[in-house]
Amino acid sequence: MTVPAPWALLAEVTHRCPLHCPYCSNPLELVREDAELGGDEWARVFIEAADLGVVQAHVSGGEPLLRPDLDAIVAAAHRAGVHTQLVTSGLGLSGPRLARLLDAGLDAVQLSLQDARREGSDLIAGRRSYAAKERAAQVIRSADVPFGLNVVLHRRNLDSVAEIIDLGTRWGADRIELANVQFHGWALRNRAALLPTRDQLTRARAAVADAARRGGGPELTWVMPDHYEGVPKPCMGGWGARSLTVGPDGTALPCPAAYAIADLDFPNVRERPLAWIWTDSPAFNAYRGTGWMNEPCRTCPRRDADFGGCRCQAYALTGDAARTDPACSLSPDHHLIRTLIPAPDTPPEPLTYRPHP
Ligand code: SF4
Ligand code: FES
């Protein structure tokens, strides 16, 4: 099989983070600061990634601004010819800090937001942070840099989606990504607290469509959850097909949530060149293409469109990453998804916050 070149790299430069979001998709066991790749190691990763064909890096975490050498990391990506987007909570993003990052070659900023109003946003983040985000939005808007907002949607904030879009418009965002929560890493502990009701989703989808029809505001991206329609999402655009993640300690993954798949041995950029990792490593080849599929995917006409859905979700729900994603109505495990959706009158469970040392 010819292996296509990746175009995007998720560079998780640290797992450290000032927030405690219950929807965090980082693994249960976080990488410690003393195990993080150094700036020189990241520089080598960007050179190898560019040689492989990567054109874009999302510099993420955790909170990347907690790395004092972030300017040097961004500069290394820039020198390698890779377009960089900083993915940040906004805490610690002052005007001078952003100016230094832009001087280093940063191309875009994506700011996370937890809800439209202070109380809701701080409640989900697990600490006071809304005011810092508001200031960060002003700093980003004042700089000449593309500005995206990213909002993870769930039971506690889906009813505010119209307000979130209004706020993003007032803050001057160019784009708002409205991403319905996925249950990986820490978020799996909060599934019963975060899964929305079907009615909430229907209302939120209508609000987004309404805003898109009115136009004149930021570009809107609505990422539908896959629990409700019996249709799996083409997760990651296919395993090992378009993008890769390098974790804080150099672990390389075909998907940022794949840490949880215990039967795969993920390679590390400290031990292997990225080209070998992408093209030859058993972990990246495990679910590449369609050859690994079992029925019903193996003979399904949609197998080249959705790649059998999400491997991490198949693993989380069935213990076998090679099974059809239970989100698919054709999956023999589809009942595992259907039974999770809460009835409209069920009160939400309490949130379990992500602790950080
Ligand atoms: Fe996709 Fe497999 Fe479901 Fe077919 S059976 S729609 S390939 S997940
Ligand atoms: Fe890992 Fe879908 S989240 S393959």
Side-chain angles (χ1 to χ4, degrees), residues 4 6-10 12 23-29 58 60 87 150 152-154 177 179-191 194-195 223-247 251-267 277-278 281-338 340:
W7 67 272
L9 166 70
L10 177 64
E12 293 179 335
Y23 61 71
C24 180
S25 60
N26 280 341
L28 293 184
E29 191 159 340
H58 303 278
S60 174
V87 182
N150 177 287
V152 175
L153 296 173
H154 45 76
E177 188 174 318
N180 279 284
V181 61
Q182 300 188 57
F183 297 102
H184 305 299
W186 187 264
L188 197 51
R189 293 206 171 169
N190 281 291
R191 189 166 56 196
L194 296 177
L195 255 181
V223 185
M224 190 62 190
D226 55 7
H227 283 50
Y228 296 80
E229 316 231 298
V231 179
K233 57 181 184 293
C235 203
M236 303 306 299
W239 184 270
R242 294 187 189 172
S243 61
L244 75 162
T245 296
V246 174
T251 304
L253 303 145
C255 154
Y259 285 103
I261 304 180
D263 28 355
L264 291 180
D265 188 14
F266 292 106
I277 289 172
W278 176 258
S281 69
F284 276 70
N285 281 305
Y287 306 114
R288 194 171 248 152
T290 53
W292 57 273
M293 289 178 174
N294 298 308
E295 293 297 350
C297 296
R298 184 191 294 272
T299 51
C300 177
R302 286 189 47 78
R303 67 183 182 277
D304 291 309
D306 67 23
F307 321 109
C310 174
R311 296 308 86 228
C312 298
Q313 182 155 270
Y315 184 83
L317 291 173
T318 73
D320 180 358
R323 286 182 75 78
T324 294
D325 183 345
C328 177
S329 60
L330 303 174
S331 157
D333 305 310
H334 187 51
H335 62 282
L336 297 175
I337 285 273
R338 274 203 323 266
L340 294 174

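In each ligand, atom 1 is the first atom listed, and ligand 1 is the first ligand listed.
For the residue pair K233/Q182, the side-chain donor-acceptor check at 3.5 Å is satisfied.
If you number the atoms of ligand 2 from 1 as listed, the ones under 4.0 Å from a heavy atom of C255 come out as 1 (Fe), 3 (S), 4 (S). The ligand atoms of ligand 1 that sit less than 4.0 angstrom from a heavy atom of C328 are 3 (Fe), 5 (S), 6 (S), 8 (S). Every atom of ligand 1 is numbered from 1 in the order shown, and the set under 4.0 Å from a heavy atom of G308 is 2 (Fe), 8 (S). Numbered from 1 in the order shown, with element, the atoms of ligand 1 that lie under 4.0 Å from a heavy atom of R303 read 7 (S).
R298 places a side-chain N or O within 3.5 Å of a backbone atom of M293 that can act as its donor or acceptor partner. R311 places a side-chain N or O within donor-acceptor distance of the main-chain N or O of G308, the cut-off being under 3.5 Å. Distance alone, capped at 3.5 Å, places no donor-acceptor pair between the W239 side chain and the F307 backbone. A donor-acceptor pair is defined here as one N or O able to donate and one able to accept, closer than 3.5 Å; such a pair exists between the side chain of N294 and the backbone of A322. At distances below 3.5 Å, not a single donor-acceptor pair connects side-chain atoms of H58 with backbone N or O atoms of L10. At distances below 3.5 Å, not a single donor-acceptor pair connects side-chain atoms of W278 with backbone N or O atoms of P254. Remark: the backbone N or O of G247 is not paired with any side-chain donor or acceptor of T251 at under 3.5 angstrom.
Nearest protein heavy-atom neighbour of atom 4 (Fe) of ligand 1: C300 SG, 2.3 Å. Looking at atom 4 (S) of ligand 2, its nearest protein heavy atom turns out to be R311 N, 3.5 Å.
Put simply, C235 gets within reach of atom 2 (Fe) of ligand 2, with an N, O or S atom under 2.8 Å from it.
Looking at H184 against ligand 2, only its side chain comes within 4.0 Å, counting heavy atoms. For C297, heavy-atom contacts with ligand 1 shorter than 4.0 Å involve the backbone as well as the side chain. Contact annotation: for C310 versus ligand 2, heavy atoms closer than 4.0 Å belong to both the backbone and the side chain.
At least one heavy atom of D306 sits less than 4.0 Å from an atom of ligand 1.
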